[in-house]
Amino acid sequence: MTTQTVKFRIYRYDPDKDAKPYMQDISVEVDPSTERKLLDALVKLKVVDESLSFRRSCREGVCGSDAMNINGKNGLACITDLASLKQPIEVRPLPGLPVVRDLIVDMTQFFKQYHSIKPYVINNSPAPDRERLQSQEDRKELDGLYECILCACCSTSCPSFWWNPDKFVGPAGLLAAYRFIADTRDEATSERLDDLEDPYRLFRCHSIMNCVDVCPKELNPTKAIGKIKDLMVKRIS
Amino acid sequence: MKMSSIPVRKFDAIIVGAGGAGLRAALQLSEAGMKTAVLSKVFPTRSHTVAAQGGVSASLGNSEPDHWHWHMYDTVKGSDWLGDQDAIEFMCREAPNVVIELEHFGMPFDRNSDGTIYQRPFGGHMSNFGEKPVRRACAAADRTGHAMLHALYQRNVRANTQFFVEWMALDLIRDSEGNVQGVVAMEMETSEIVIFQAKATLFATGGAGRIFASSTNAFINTGDGLGMAARAGIPLEDMEFWQFHPTGVAGAGVLITEGVRGEGGILRNANGERFMERYAPNAKDLASRDVVSRAMVTEINEGRGCGPNKDHVLLDITHLDPEVIMSKLPGIREISIKFAGVDPIKAPIPVVPTCHYQMGGIPTNYRGEVVVEDQVVKGFYAAGECACASVHGANRLGTNSLLDLLVFGKSSGNSMIDFIKGQPKDLPELVMNDVERSVARVARLDNQTQGANVNEARTAMQRTMQAHCGVFRFNDMLQEGVKKILEVEVMVKNTVIADKSKTFNTARLEALELENLIEVAKATMISAEARKESRGAHVRDDAADTAENPNGRDDQNWLKHTLWHREGNRLTYKPVNLKPLSVETIALKTRSY
């Protein structure tokens, strides 16, 4: 086995012992034939220094645990190729959220915004015995929306969310809002639009499109936000 | 730490685990107005249900005739007759109801042209009692688990379920009569220890695939519920039965759904041969998972593997319409490009059997009640992969896992509601023995200054399981495996961590998880060593295919469930329930596809 050295500069902060955060220069040996992703190297690093703290679970890009800021751009460690990264690899926690420890951020505000859009199908008509029918075309409207993994890469790359995390729903929450508006089984479109018709909740989006740039699932929150805005215009006219 | 200083939080119901089973149960309880706490190591949508791909089975018959009785037959046959037929009938009959409910919850299923739920064929699912493959797997592209987990979480947001996110349950609390009173748990962010007391406690903690070196399972799948149950004196059932999924990405272990073969994918060896035609002339690539995995390993062992090391086979979908791949298998294409460096539209995917699913678990009946020696353990329930109802027996059919979560999540929720309603309003006095044991476990880690390294101990366990308890098992290797795993146990009891921080201490969490994993590893190795036959996923060299025992299955001596008891590593056995609820017994037969 020929190993390769990977050099890191990692954000470290443990409130139990550190007065303030610092950047740690550290390197690790990986086997490039099997350890190809950034997460593989971080797991290896944790063997060397077990105090390094980060979230991780599925290691295949579907659970959304290991979002972090990698060489200045948000992404998931488990699907980021080591070979694609300039060294030393600078790894920081997601920007704009309070740091709990090292790469672990407090995501309360992010989930609060997600919950605020009522992320569930609202349908008060009596349920039929069988499935509610939906045409293939109508179902297609949900593609590019339902796949969100709530990793927060998008919202924490959005300057509007950095400034107003308590008031602006943010790209992930708005993508979810449109996912339910677009669902033919949902009957609450007009209430949903009422809720979002607000200078902050929706209209803080200035189409900077950082969200689109960083989404690890290649979703497009800006487009979804645009569609919500279109619906608002339509219902006025 | 003074026991009296530990805070106590009181609920009607506690659910440990927020994957599919935990969330489905939580919904039942919350909507019935029960004060319910759901504890999870991770934010609910990060639970491992999220990684399920291909579908959830139900005999909806949306594309062609189907019947729950055929589904039941397939499941019994898939289980190699080790599944309990009452639980299997219950699950297959309930399947259409729980899937339709899930659709009403907002699950974004794919659709047929008439607007009904799209269904695809899957391994081992046949029409008319084993005749030919049937479309029974209800799918949302190849992201069914993700869509289902999010839909269930969303419905729980609507129901105002109370979540305790990033809390790790440490131990089960039982009173002097063995009744369950709740759990001891730790908040990961602060390391605070809290007692959660309730009338009813459900374990929905998922699997423990991380006992193996090569697994499709997430890092969090560390068998916490099984470890807690074992330490509290609950035996574990049928732990020798582990499913090796035929198609993990070679090298990476990441799952490629059987739905790929459902959509027409073909397995090929180094000669380009569709070798499954030789092993399963009827079902071919859609034979049951244990059958396909063994065929693949046989091809590799006989020198027909692919690649420079001849160590994998190829999953070929290059003949499919790229449109089908893009619309029905987009996630697979993504995984294949990211983890195998191959676009499956253009080239086949290198795959190898990879540890995937634990058929055994905490013994329950089909109501989700934990049962020990024919007695219900009062106040204790289990559902999903951590439980053994037993519907999967010696081998699970694809898509029956998501179904298991829905059916038994719901039924255990209902059982808990009935039980809670029959209990006095006030909770009984807490018995602190288990709490003391739990606190001592954490204190040991905090105080230990030298000992075994957690990573080294875990690696030793994983390598031992992989080498001694894999797809094919050998008597001498199993015996040696038992010795080795007991040596690893000594290391695990003596682990040391340097990180003593109280803030989100993941080193301590990994050490605690390892204490759960080792219980599962012992149960697995010891149960496997003892079962001297081949059945389903458990195949050993000294139980060969003979006229008397076709495929090495010995119904005379081994048509029974294993129960591993932690104390003394004792094994006992209990009979398989061959009596369904309403239909005739599905009679024993030699299994072929």
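Each chain gets a letter, A, B and so on, in the order its sequence line appears, and its residues count up from 1.
For a residue to count as touching a neighbouring chain, one of its non-hydrogen atoms must lie under 4.5 Å from one of that chain's; by this rule Leu39(A) touches chain B with the side chain only. Interface residue Ala252(B): only backbone heavy atoms are found under 4.5 Å from chain A. Interface residue Tyr153(B): only side-chain heavy atoms are found under 4.5 Å from chain A. With a 4.5 angstrom heavy-atom cutoff, Val62(A) touches chain B via backbone and side-chain atoms both. Both the backbone and the side chain of Arg132(A) have a heavy atom closer than 4.5 Å to some heavy atom of chain B. Neither the backbone nor the side chain of Lys118(A) comes within contact range of chain B; no heavy atoms are under 4.5 Å apart. In this structure, no portion of Ser47(B) lies under 4.5 Å from any heavy atom of chain A. Residue Arg59(A) touches chain B through both its backbone and its side chain, counting heavy-atom pairs closer than 4.5 Å. Proximity to chain B (any heavy atom under 4.5 Å) is shown, for Asn123(A), by neither the backbone nor the side chain. For a residue to count as touching a neighbouring chain, one of its non-hydrogen atoms must lie under 4.5 Å from one of that chain's; by this rule Ile122(A) does not touch chain B. Only the backbone of Ser215(B) comes within contact range of chain A, with at least one heavy atom under 4.5 Å from a heavy atom of that chain. Contacts of Arg458(B) with chain A are absent, with no heavy-atom separation under 4.5 Å from either backbone or side chain.
Here Ala159(B) pairs with Leu27(B), Ser30(B), Glu31(B), Thr161(B) under the side-chain contact (heavy atoms from CB on, under 4.5 Å) rule; sequence neighbours left out.
Counting heavy-atom pairs under 4.5 Å between each of Asn217(B), Asp114(B), Leu60(B) and chain A puts Leu60(B) at the top. Here Ile79(A) is the residue among Asp129(A), Ile79(A), Asp186(A) with the most heavy-atom pairs under 4.5 Å with chain B. Counting heavy-atom pairs closer than 4.5 Å to chain A, the top-ranked of the candidates Ala507(B), Ala140(B), Ser501(B), Pro330(B) is Ser501(B). Put simply, of His48(B), Met107(B), Arg508(B), Glu101(B), the one with the most heavy-atom pairs under 4.5 Å next to chain A is Met107(B). Among Lys217(A), Glu137(A), Arg36(A), the residue with the largest count of heavy-atom pairs under 4.5 Å with chain B is Lys217(A). By number of non-hydrogen pairs under 4.5 angstrom with chain B, the leading residue of Cys58(A), Pro128(A), Ser135(A) is Pro128(A). Contact count versus chain A (heavy atoms, under 4.5 Å) is highest, among Ile497(B), Val42(B), Ile335(B), for Ile497(B). Note on Val249(B), Leu255(B), Leu102(B), Thr216(B): by heavy-atom pairs under 4.5 Å with chain A, the leading option is Thr216(B). Ranked by heavy-atom pairs shorter than 4.5 Å toward chain B, the options Leu142(A), Leu150(A), Asp81(A), Val121(A) are led by Leu150(A). Note on Leu149(B), Asn62(B), Asn97(B): by heavy-atom pairs under 4.5 Å with chain A, the leading option is Asn62(B). Here Ser57(A) is the residue among Pro119(A), Gly61(A), Ser51(A), Ser57(A) with the most heavy-atom pairs under 4.5 Å with chain B.
For a heavy-atom cut-off of 4.5 Å, chain A lies close to Asn455(B) in residues 448-457 of chain B. Of all residues in residues 101-110 of chain A, those placing a non-hydrogen atom less than 4.5 angstrom from a non-hydrogen atom of chain B are Arg101(A), Ile104(A), Met107(A).
Pairs of residues two or more places apart, or lying in two chains, that qualify as salt bridge (charged side-chain N to carboxylate O under 4.0 Å, His left out) and include a residue from residues 138-153 of chain B are Glu147(A)-Arg143(B).
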(request) Check step by step if side-chain contact (heavy atoms from CB on, under 4.5 Å) holds for Val100(A) and Thr503(B). (result) CA-CA 8 Å; Val100(A) 175; Thr503(B) 304; 4.0 Å; yes
(request) List the steps, then state whether side-chain contact (heavy atoms from CB on, under 4.5 Å) holds for Lys37(A) with Phe339(B). (result) CA-CA 9 Å; Lys37(A) 304 294 175 190; Phe339(B) 288 93; 3.9 Å; yes
(request) Start with the C-alpha gap between Ser113(B) and Gln136(A), add the side-chain angles, then the distance that decides, and say whether side-chain contact (heavy atoms from CB on, under 4.5 Å) holds. (result) CA-CA 6 Å; Ser113(B) 53; Gln136(A) 288 173 334; 4.2 Å; yes
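Side-chain contact between Gln154(B) and Phe180(A) is present, with heavy atoms from C-beta onward closer than 4.5 Å. Contact check for Thr116(B) versus Arg130(A): no side-chain heavy atoms found under the 4.5 Å cut-off. Tyr146(A) places a side-chain heavy atom less than 4.5 Å from the side chain of Pro108(B).
Rounded to the nearest 0.5 angstrom, Lys338(B) NZ and Thr80(A) OG1 are separated by 9.0 Å. Rounded to the nearest 0.5 Å, atoms CG (Leu52(A)) and OG1 (Thr506(B)) are 7.5 Å apart. Taken to the nearest 0.5 Å, the CZ atom of Arg158(B) stands 15.0 Å off from the NE2 atom of His115(A). Remark: Arg55(A) CZ to Lys41(B) NZ distance equals 14.0 Å, nearest 0.5 Å. Taken to the nearest 0.5 Å, the CD1 atom of Ile149(A) stands 8.5 Å off from the OG1 atom of Thr45(B). To the nearest 0.5 Å, atoms SG (Cys151(A)) and CZ (Arg46(B)) are separated by 7.5 Å.
Using a 4.0 Å cut-off between a side-chain N of Lys or Arg and a carboxylate O of Asp or Glu, Glu131(A) and Arg111(B) do not qualify as a salt bridge. Looking at Glu510(B) and Arg56(A), a side-chain N of the basic residue comes within less than 4.0 Å of a carboxylate O on the acidic one, giving a salt bridge.
Residue-environment remark: CG (Asp166(A)) exceeds the threshold of 12 foreign heavy atoms within 6.0 Å. Under a cut-off of 6.0 angstrom, the local environment of NZ in Lys500(B) is crowded, with over 12 non-hydrogen atoms contributed by other residues, nucleotides or ligands. Atom CE of Met23(A) is surrounded by more than 12 heavy atoms from other residues, nucleotides or ligands within 6.0 Å. Counting non-hydrogen atoms of other residues, nucleotides and ligands closer than 6.0 Å to NZ of Lys86(A) gives a total of 12 or fewer.
Put simply, the side chain of Arg185(A) gets close to the backbone of Gly106(B): a donor and an acceptor are under 3.5 Å apart. Checking side-chain atoms of His146(B) against main-chain N and O of Cys63(A) turns up no donor-acceptor pair under 3.5 Å.
Classified by interplanar angle (parallel below 30°, tilted 30° to 60°, perpendicular above 60°), the ring pair Phe43(B)/Phe111(A) is parallel.
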